Amino acid sequence: MITKKVEKALNDQIKLEAQSSQFYLAMASWAETQGFNGTATFLYAHSDEERMHMLKLVKFVNERGGTAIIPQLEAPPVAFESLNYIFEELLNHEVAVTKSINNVVDVCLQEKDYTTHNFMQWYVSEQIEEEGLARTINDKLNMIGKDKGGLYLFDRDLETMAATSTDAQ
Ligand code: FEO
């Protein structure tokens, strides 16, 4: 059984994961309309992953005697100014997600809920990977700058990355 405080922290996390999924879906759709098909494939897959993060939390809350709340979400932007902007936003968003996960872990410790604490460790490790990946992509984009050929290759690389991470699941 989870306490009300842990339930609230987990429901806040459900909302954030749902928002991440929605936000990355909007980015994917925009990238597709701009002809960045590799980036779109990568972001569509990333959006699916965030939905999986949300679902895992929903099931956990219900299993532990709480009630998962499926949140209402604000509409994400329709257009983005550039690929650089997208991936800077993605990194900022992931940093905020990490902060929120750390908060859930903190609440678990305050409430002496070691079961949820243990469950959350998967998210702690996942965030190290997600932030690391977002930083690598930003570094690549900063190196490429406005070089069109570089951006073309970058987009192709992301398609491969998306295929590799889907295979790994
Ligand atoms: Fe589910 Fe990207 O954090």
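Ligands are counted one by one from 1 in listed order, and the atoms in each one are counted from 1 as well. These figures come from a predicted structure and were not determined experimentally.
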- In terms of side-chain geometry, is the basic nitrogen of D12 or K8 positioned less than 4.0 Å from the acidic oxygen of its partner? yes
- Item | N, O or S from E49 under 2.8 Å to atom 2 (Fe) of ligand 1 | no
- Task: Could you state whether M54 and L25 fall into the same hydrophobic cluster, counting links through intermediate Ile, Leu, Val, Met, Phe, Trp or Tyr residues with side-chain heavy atoms under 4.5 angstrom apart?
- Result: no
- Task: Of all N, O or S atoms in E130, identify the one at the shortest distance from atom 2 (Fe) of ligand 1.
- Result: OE1
- Item | Which N, O or S atom of E50 lies nearest to atom 2 (Fe) of ligand 1, by name | OE2
- Query: Could R156 and E159 be called an ion pair, given the rule that one side-chain N must be under 4.0 Å from one carboxylate O?
  - Reply: no
- Message: I'd like to know if the side chain of E32 pairs up with that of Y44 as donor and acceptor (distance under 3.5 Å, no hydrogens or angles considered).
- Response: yes
- Message: Using atom 1 (Fe) of ligand 1 as the vertex, how large is the angle between ND1 of H53 and OE1 of E17, rounded to 10 degrees?
- Response: 100°
